[in-house]
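As structure tokens, the structure follows; a few thoughts come after it.
Side chains are part of it too, since the values below use all heavy atoms of this structure and drop only hydrogens, waters and symmetry mates. Order of listing sets the numbers, starting from 1, for every ligand and every atom in it. Residues: numbered from 1 along the sequence shown.
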Amino acid sequence: MSAVRLSRALCLAALLGACAPRPVPEAAPAPSTLKAAYRGAFLVGAALNAAQFSGRDTAGAALVAAQFSSTTPENVLKWESVHPRPGVYDFTAPDRYVAFGQQHGMFIVGHTLVWHNQTPRWVFTDATGNPVSRDTLIARMHEHIDSVVGRYRGRVGGWDVVNEALDEDGSLRRSPWLTIIGPDFISLAFRFAHEADPGAQLYYNDYSLENQAKRQGAVALIRRLQAEAVPVTGVGLQGHDRLDWPTVEQEDSTIAAFAALGVKVMITELDVDVLPRAVRQTGADVRLSAAARPELNPWTDSLPDSVQLALARRYAEVFRVLYRHRGEVTRVTFWGVTDKDSWKNNWPVPGRTNYPLLFGRDGRPKPAFAAVLAVPSLGATGP
Ligand code: G3I
């Protein structure tokens with residue numbers, strides 16, 4: 001075969017090779033879990049109750065292990081649970097909670113050290129029932145934080161050090177922490193937590209920071225702490241949302257306002273209330289309550305498809321904002337796992353049937369789950 005013909009043949013072969021349909025690379029399977037879908041963007045977590053992390057609720061525990069990369073204790077690390085009486089600590093449930101998180105390689109959050117709720121009266125009063133002195137309360141706070149944070153040093157990655165210390169107008173809430181110690185109770189709590197575990201992230205956590213007055217109060221608070229070189233790592237926006245609150249603009253500007261201070265921003269207690277409004281206020285003021293009325297509890301059997309769809313759209317809208325802020329937003333935690341676990345079944349009206357989360361009472365994913373899973377692949381646009 002002449003050289004000319006050979007090279008022609010080789011060229012032809014090369015051409016055919018080039019023109020041959022290249023095998024289309026297999027599209028990577030769409031992530032089927034929240035933690036996989038948001039890997040590299042932010043952690044996705046859930047607040048756990050004792051039945052889940054102790055394994056009693058085996059279905060709940062399995063769902064948590066499959067879907068989430070972070071955990072928060074809904075109640076067991078609160079003062080009334082872990083330190084019910086002077087000098088008496090009960091670490092049984094918290095030890096199990098931390099062990100569960102470690103077993104599944106999750107980022108473990110501690111909630112919460114200093115709060116005006118679920119803190120026993122003895123903390124603020126002496127044997128005669130009168131308020132204790134500033135120094136006594138500071139010493140009690142110091143001992144509590146040292147004992148609790150110290151026990152989980154290196155295992156709990158971040159603590160909600162101070163929770164809900166602001167009123168709706170942005171001023172400091174008149175809790176016994178403020179009236180007995182004074183405004184510096186917040187910086188003291190952060191310093192004690194840092195002392196007990198210098199490696200832990202330390203957060204200020206609150207609700208309704210999407211409302212301007214309260215947001216401005218929180219921004220001023222973080223600035224004050226930073227000016228005092230207090231080791232505050234991040235701000236937790238609880239995210240007890242509704243179908244119509246907060247707006248995308250409020251969410252966007254709130255995340256931007258705290259990111260601009262150089263702190264991490266987390267959504268720490270996300271749920272979306274779908275039931276008729278029973279109280280005027282937004283957020284999660286647990287002192288609020290309203291009487292049960294049938295029209296406030298319209299869907300006791302199941303959620304109509306139209307509301308399922310509205311919830312899916314709402315969650316996609318919220319996650320589009322959060323995904324746009326990935327890098328600034330470092331964690332998104334749901335306040336509960338399935339609808340049956342949610343505190344929103346009993347607040348502000350006891351005994352309602354609410355549907356605020358991504359998984360139904362049977363543990364099965366709702367349309368909102370698919371909508372949230374799809375956001376990273378759909379980017380800023382969406383359903
Ligand atoms: O432990 C007792 C139990 O012994 C008793 O039998 C039972 C019956 O009343 O009550 C149990 O205590 C309940 C506790 O949860 C533990 O389940 C309290 O009544 C109940 O009020 C408490 O509710 C918790 C609420 O905080 C209290 O403030 C919710 O589960 C919890 O989801 C909620 O979480 C807060 C966050 O910590 C901070 N941000 C707002 C959020 C919602 O309020």
* **Phe91 six-ring centre to Arg151 NZ/CZ under 6.0 Å and within 45° of normal** => yes
* Asked: Does Gly336 offer a backbone N or O that forms a donor-acceptor pair with the side chain of Glu269 under 3.5 Å?
  -> no
* Structure fact -> Ranked by distance from atom 23 (O) of ligand 1, the top protein heavy atom is Asn75 OD1, 4.4 Å
* **Modelled atom types, side-chain donor and acceptor of Asp90 and Thr92, under 3.5 Å** => yes
* May I ask you to check whether Phe100 and His104 place their ring centres under 6.0 Å from each other? => yes
* Provide the number and element of each atom of ligand 1 under 4.0 Å from a heavy atom of Asn163. => 38 (C)
* Is it the case that Glu164 and Gln238 place a side-chain donor and acceptor less than 3.5 Å from each other? -> yes
* What residue and heavy atom of the protein are closest to atom 26 (O) of ligand 1, and at what distance? -> Lys78 NZ, 3.1 Å
* Protein heavy-atom contact under 4.0 Å for atom 28 (O) of ligand 1? -> yes
* Do any non-hydrogen protein atoms sit less than 4.0 Å from atom 6 (O) of ligand 1? -> no
* Structure fact -> Residues passing the ring pair (Phe, Tyr, Trp, His ring centres under 6.0 Å) test with Phe68, sequence neighbours excluded, are none
* Asked: Donor-acceptor pair, Arg352 side chain versus Pro348 backbone, under 3.5 Å?
  -> no
* **Nitrogen or oxygen of Trp343 less than 3.5 angstrom from that of ligand 1** => no
* Asked: Looking just at side-chain N and O atoms, do Trp343 and Asp271 make a donor-acceptor pair shorter than 3.5 Å?
  -> yes
* Find all atoms of ligand 1 within a distance of less than 4.0 Å from any non-hydrogen atom belonging to Ala284, and give their numbers and elements. => 40 (C)
* **Heavy atom of protein inside 4.0 Å of atom 38 (C) of ligand 1, strictly below** => yes
* Asked: Considering all protein heavy atoms, does one lie under 4.0 Å from atom 3 (C) of ligand 1?
  -> no
* Side-chain donor-acceptor pair under 3.5 Å between Asn117 and Glu80, yes or no? -> no
* Using distance alone, with no hydrogens and no angle criterion, decide if Asn75 and Lys78 have a side-chain donor and acceptor under 3.5 Å apart. => yes
* Would you mind finding which of Glu269, Arg287, Gln118 brings a heavy atom closest to atom 22 (C) of ligand 1? => Gln118
* Protein heavy atom under 4.0 Å of atom 20 (C) of ligand 1 -> no
* Asked: Between Tyr38 and Phe42, is the gap from one ring center to the other below 6.0 Å?
  -> yes
* Asked: Which bit of Trp115 is near ligand 1, meaning a heavy atom under 4.0 Å away: side chain, backbone, both or neither?
  -> side chain
* Could you tell me whether atom 15 (O) of ligand 1 has at least one protein heavy atom nearer than 4.0 Å? => yes
* **For atom 43 (O) of ligand 1, closest protein heavy-atom neighbour** => Val286 CG1, 2.9 Å
* To do: Indicate whether atom 32 (O) of ligand 1 is within a distance of less than 4.0 angstrom of some protein heavy atom.
  => yes
* In the protein, what heavy atom is nearest to atom 36 (C) of ligand 1, and what distance, to one decimal place, separates them? -> His111 NE2, 3.5 Å
* Would you verify that at least one protein heavy atom lies under 4.0 Å from atom 41 (C) of ligand 1, or report that none does? => yes
* N/O of Glu80 under 3.5 Å from N/O of ligand 1, yes or no? -> no
* Structure fact -> Short version for Trp335: what comes under 4.0 Å of ligand 1, heavy atoms counted, is side chain
* Does the gap between the ring centers of Phe192 and His142 come in under 6.0 Å? -> yes
